[in-house]
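What follows is one structure encoded as structure tokens, with my remarks underneath.
Reckoned from all heavy atoms, side chains included, excluding hydrogens, waters and symmetry mates. We number each residue from 1, following the sequence as shown. Ligands are counted one by one from 1 in listed order, and the atoms in each one are counted from 1 as well. Remember, predicted model here, so these are calculated numbers, not experimental data.
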Amino acid sequence: MTVEHGRSVKPEGVGARVPRKEDARHLHGKGNFVADMAMPGLCEVAFLRSPLAHARIAAARVDDSVAACVVLRPDMADCKDIVADSTLPTYQPSAQPPLASGKVRFVGEPVAMAFAPTRAEAEDHIELVDIDYDDLPVYADVYSAQAATGELVHEDWKDNVFVTLSADREFDTLAAQADVVVNRRMRLARQCMVPMEGKAVLAYWDHQADQLVVYSATQVPHMIRTVLAECLGLEQGRVRVISPDVGGAFGYKCVLQQEELCIAWLAKTYKRPFRFIEDRREHLTAGANSREHHYEMTAYTDRRGKLLALDARITIDGGAYSVWPFTIGLEPGQAVGNLPGPYAFRGYRCVTRAVATNKPGFVPYRGVARTGVCFAIELMMDAIAREVGREPWEVRLDNLVQAEQMPYVNVANKHLDSGDYPASLRKALEMIDAPGVRARQERGESDGRLIGLGVATYTEQAAHGTSVFATWGTPVIPGFDQATARITPDGGLEVRVGVHSHGQGMETTFAQIANEILGIPVARIKVLHGDTGQTPYSTGTYASRSLVMSGGAVSQACKRLLPRVMHIAAHLLQTPEEQLSVGDGRFVVGSAPDRAVSMGDIADAWYLKPHLLPPDVDPLGLEVTVGYKPKVDTGCFTYASQAATVAVDPATGGVEILDYVVVEDCGTMINPMVVEGQTMGGIAQGIGTAFYEETPYDANGQPLASTLADYMLPGPTEIPHMRMHHFETPSPHTEFGAKGMGEGGAIAPPAVLFNAVNDALRALGAAELAQTPLTPYRVLQAIAQGSEREKNSQPKAA
Ligand code: MCN
Ligand code: SMO
């Protein structure tokens with residue numbers, strides 16, 4: 001792992017490879033997850049889930065023996081449906097009831113819930129609930145849904161389309177100038193996110209505070225409080241949401257979950273503690289809700305493959321419900337905006353449609369649409385290169401936004417802020433040794449396998465703020481993120497933030513930010529996060545925004561604390577402030593290094609020995625809460641080039657990743673080790689998308705992968721060693737010049753690996769693979785289609 005920058009780095013400051021503080025409790029089994037919690041009188045909850053994809057509920061019968069502990073929708077009259085409205089034109093909102101009401105819209109939709117002292121008993125109770133269903137026509141894919149003639153997914157809509165977004169910039173004029181036209185179709189499968197911990201929620205009524213307390217595995221506790229209060233008809237002050245340790249989230253937990261609302265309603269109604277823990281089968285069936293995009297793409301280029309215009313039609317399988325708060329509008333919004341990626345063409349036409357089907361509602365998943373659009377445009381780049389007979393990277397280098405064009409407003413009106421995209425690609429080619437791989441391909445392998453080289457370059461719009469979400473018209477628009485910094489009476493520091501860290505390492509990286517400014521050792525800094533009762537408001541963790549927004553607020557809070565601390569220090573030392581320097585949590589007189597006070601001395605004076613304070617001390621004291629957002633809120637654009645060498649066995653269709661390299665630039669890194677861990681984790685998920693993961697549905701809308709034996713995930717042996725290089729081009733808009741990067745790793749791998757496998761199979765004249773997952777079966781099919789084509793094109797013997 002190598003870094004290119006010219007800064008000096010303090011041992012625990014910005015840029016230091018500080019080991020993650022939070023790891024200790026996890027490695028010692030001392031984490032506190034919802035499933036670990038014990039509480040007297042706790043009832044476990046099980047859900048009865050719909051076995052049908054689309055059906056009317058004709059009758060429901062509950063056996064008398066369990067009637068007191070079973071709940072159906074009519075019992076919850078005081079609970080509102082979940083409605084994520086949007087101001088996007090053409091958008092049709094869906095009403096998602098906490099438990100199905102009148103009809104069911106996907107297999108796995110909760111219809112009833114039962115509670116008991118154990119989950120097993122609760123499951124027994126739901127066995128005693130009988131539902132009669134009348135079948136309705138099932139829309140198991142976007143094609144049948146758009147051609148619907150029978151009852152729609154939402155009966156009062158005009159068609160099965162949530163929303164259609166389009167863009168047209170100089171398309172006709174520029175397309176007309178093209179010498180070469182290239183057409184392709186691509187498709188990404190429906191997937192689950194498979195965090196180690198699924199949904200998990202525990203709620204009880206705190207009688208002393210007269211408050212509903214909800215422990216939930218969520219990325220966005222403050223927003224969940226807002227929406228729970230709204231749905232349950234409670235004042236905000238009577239709801240507290242705490243997100244404890246969370247075992248991975250990846251977007252699955254950035255929206256209100258039906259089960260969260262149900263458990264909160266139980267606790268509010270019965271004033272007792274209730275808990276729900278999602279099991280793996282529930283996750284794999286009712287949680288198959290991401291990635292499914294269909295692309296029809298046409299590129300218009302000159303003879304050398306320089307892109308003049310791009311035409312795209314993107315259809316997204318949105319499932320049955322639009323999620324709160326982001327709505328399904330986020331997915332087409334990100335798709336139409338990010339498809340042009342790092343490229344500098346000027347003609348663009350794109351129509352993106354999110355279609356309602358009888359599947360679980362689409363949820364943002366790490367990368368949010370960018371994994372799909374990167375797949376589409378990067379497969380296009382390779383297709384163009386084939387068409388014009390050049391190397392895929394030569395075509396890319398001509399099309400990428402060049403460093404001297406920065407900042408660059410692209411054809412989709414994205415404000416690309418900084419960086420050198422071509423340099424990242426050149427460096428990746430150097431690291432993977434592109435000429436060496438080409439020579440090896442020429443030579444051939446003794447085992448008969450075929451070598452392929454694939455590359456992809458992408459931008460990761462991160463930490464986009466108010467203006468961007470306002471155009472997406474979501475019910476909640478992020479604004480200022482707040483942070484509190486408070487010096488403790490013994491000279492330590494508490495940092496309070498409303499975002500939530502569930503694997504990203506923020507308990508360490510935010511402490512590094514505070515250390516950089518105040519000099520307090522990281523071990524003495526406690527980062528408290530994700531509790532509405534203890535932290536200032538934040539819309540939460542999503543869109544790779546926490547570092548830029550909340551981390552920015554931490555920086556600002558510490559910067560505002562510093563002069564107050566200095567003022568007290570100067571008085572204690574009887575020295576002018578200008579003569580003081582700060583380091584290691586101590587304030588030292590420049591001319592006399594033995595004269596110093598510690599942060600502990602200063603805190604002691606403020607809290608316990610106020611007679612020592614300067615007469616004009618700032619009464620705001622040693623605590624600051626401040627809101628922050630970057631100067632420009634259109635998002636910072638982290639970018640990367642990834643490249644892989646693969647070996648494909650044409651006899652079995654098996655693929656091995658021989659080498660994988662990453663050259664990334666997320667501006668200034670707070671902790672390069674965390675950045676690398678984030679990237680690797682993302683790549684592992686991207687490899688899953690590329691090669692393994694899929695929830696297929698049959699024509700009746702039945703999910704066909706309901707256990708981890710059918711839903712394939714990559715394990716350690718499928719993840720290659722990765723080599724990584726960092727550029728650091730500071731963002732002009734953020735604290736320290738840092739850009740968000742938490743999703744990036746997951747964006748490129750499907751593009752890189754499909755390009756690599758297609759490159760390998762070129763020697764056989766195989767059909768191009770363009771549908772995830774890239775299974776051995778599909779590889780063999782592509783080879784067979786190629787031979788078929790070859791046979792048909794041979795002149796027939798007389
Ligand atoms: N970081 C850094 N220097 C930078 C950028 C980031 O050191 N220039 C560090 C940050 O300080 C933080 C981490 O990297 O510790 C990620 O920061 P950021 O890019 O701000 O992303 P968020 O913290 O907002 O995390 C959200 C992002 C998203 S949207 C998904 S989805 C995702 C991801 O992070 N889900 C994850 N990474 C995940 N990692 C784990 N382990 N689990 C998840 O659920
Ligand atoms: S999918 Mo990440 O929570 O934006």
Option with minimal heavy-atom separation from [atom], where the choices are [options]:
atom                    : options               : answer
atom 7 (O) of ligand 1  : V18, N671, T679, I513 : N671
atom 29 (S) of ligand 1 : G740, A543, G247      : A543
atom 5 (C) of ligand 1  : Q219, M193, K739      : K739

Location of contacts on [X] toward ligand 1, heavy atoms closer than 4.0 Å:
X    : result
T541 : side chain
V674 : side chain
C254 : neither
T508 : neither
Y542 : backbone

Considering only heavy atoms from C-beta outward, does the side chain of I683 approach that of M722 to under 4.5 Å?
yes

A543 N/O under 3.5 Å from ligand 2 N/O
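Between A543 and ligand 2 (N or O atoms, distance only) the closest approach is under 3.5 Å.
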
Looking only at distances, please establish whether an N/O atom of ligand 2 is found under 3.5 Å from an N/O atom of Y542.
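No - when backbone and side-chain N and O of Y542 are compared with those of ligand 2, no distance drops under 3.5 Å.
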
When you measure from the heavy atoms of G551 to every atom of ligand 1, does any distance fall below 4.0 Å?
no

Any heavy atom of G681 closer to ligand 1 than 4.0 angstrom?
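Contact absent.
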
What is the closest protein heavy atom to atom 3 (O) of ligand 2, and at what distance does it sit?
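Checked against all protein heavy atoms, atom 3 (O) of ligand 2 sits closest to Q219 NE2, 2.9 Å.
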
Among all protein heavy atoms in this structure, tell me which lies nearest to atom 1 (S) of ligand 2, with the distance rounded to 0.1 Å.
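Going by distance alone, atom 1 (S) of ligand 2 is nearest to R366 N, 3.2 Å.
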
For ligand 1, find out whether one of its N or O atoms is nearer than 3.5 Å to an N or O atom of M741.
yes

Within the structure, does L547 bring an N/O atom to less than 3.5 angstrom of an N/O atom in ligand 1?
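Yes, there is a polar N/O contact under 3.5 Å.
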
Give the numbers and elements of all ligand 1 atoms closer than 4.0 Å to a heavy atom of [X].
X    : result
C666 : 4 (C), 8 (N)
Q678 : 33 (C), 34 (O), 37 (N), 38 (C), 39 (N)
G503 : 40 (C), 41 (N)
H502 : 40 (C), 41 (N), 42 (N), 43 (C), 44 (O)
M669 : 3 (N), 8 (N)
G505 : 15 (O)
T668 : 4 (C), 8 (N)
A249 : 43 (C), 44 (O)

What are the two closest heavy atoms between [X] and [Y], and how far apart are they?
X    : Y    : result
E507 : V527 : O-CG2, 3.5 Å
A738 : V548 : O-CG2, 3.6 Å
P536 : T484 : CG-OG1, 3.7 Å
D633 : V468 : O-CG2, 3.9 Å
V9   : G15  : CG1-C, 3.5 Å
G31  : D245 : CA-OD2, 3.2 Å

Check: H500 ring centroid to H502 ring centroid under 6.0 Å:
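Ring-ring flag for H500/H502: true, centres closer than 6.0 Å.
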
Centres of the F375 and H293 rings: under 6.0 Å?
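Aromatic pair excluded; centres sit 6.0 Å or further apart.
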
Cation-pi check, K629 onto F480 ring (under 6.0 Å, within 45° of axis):
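Yes, K629 and F480 form such a contact.
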
Would K559 count as a cation-pi partner of F736, with NZ or CZ less than 6.0 Å from the six-membered ring centre and within 45° of the ring normal?
yes

Do K739 and S418 have side-chain atoms, one donor and one acceptor, less than 3.5 Å apart?
yes

Over 60° means perpendicular and under 30° means parallel, so tell me whether Y542 and F469 are parallel, tilted or perpendicular.
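Taking F469 first and then Y542, their aromatic rings stand perpendicular (interplane angle over 60°).
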
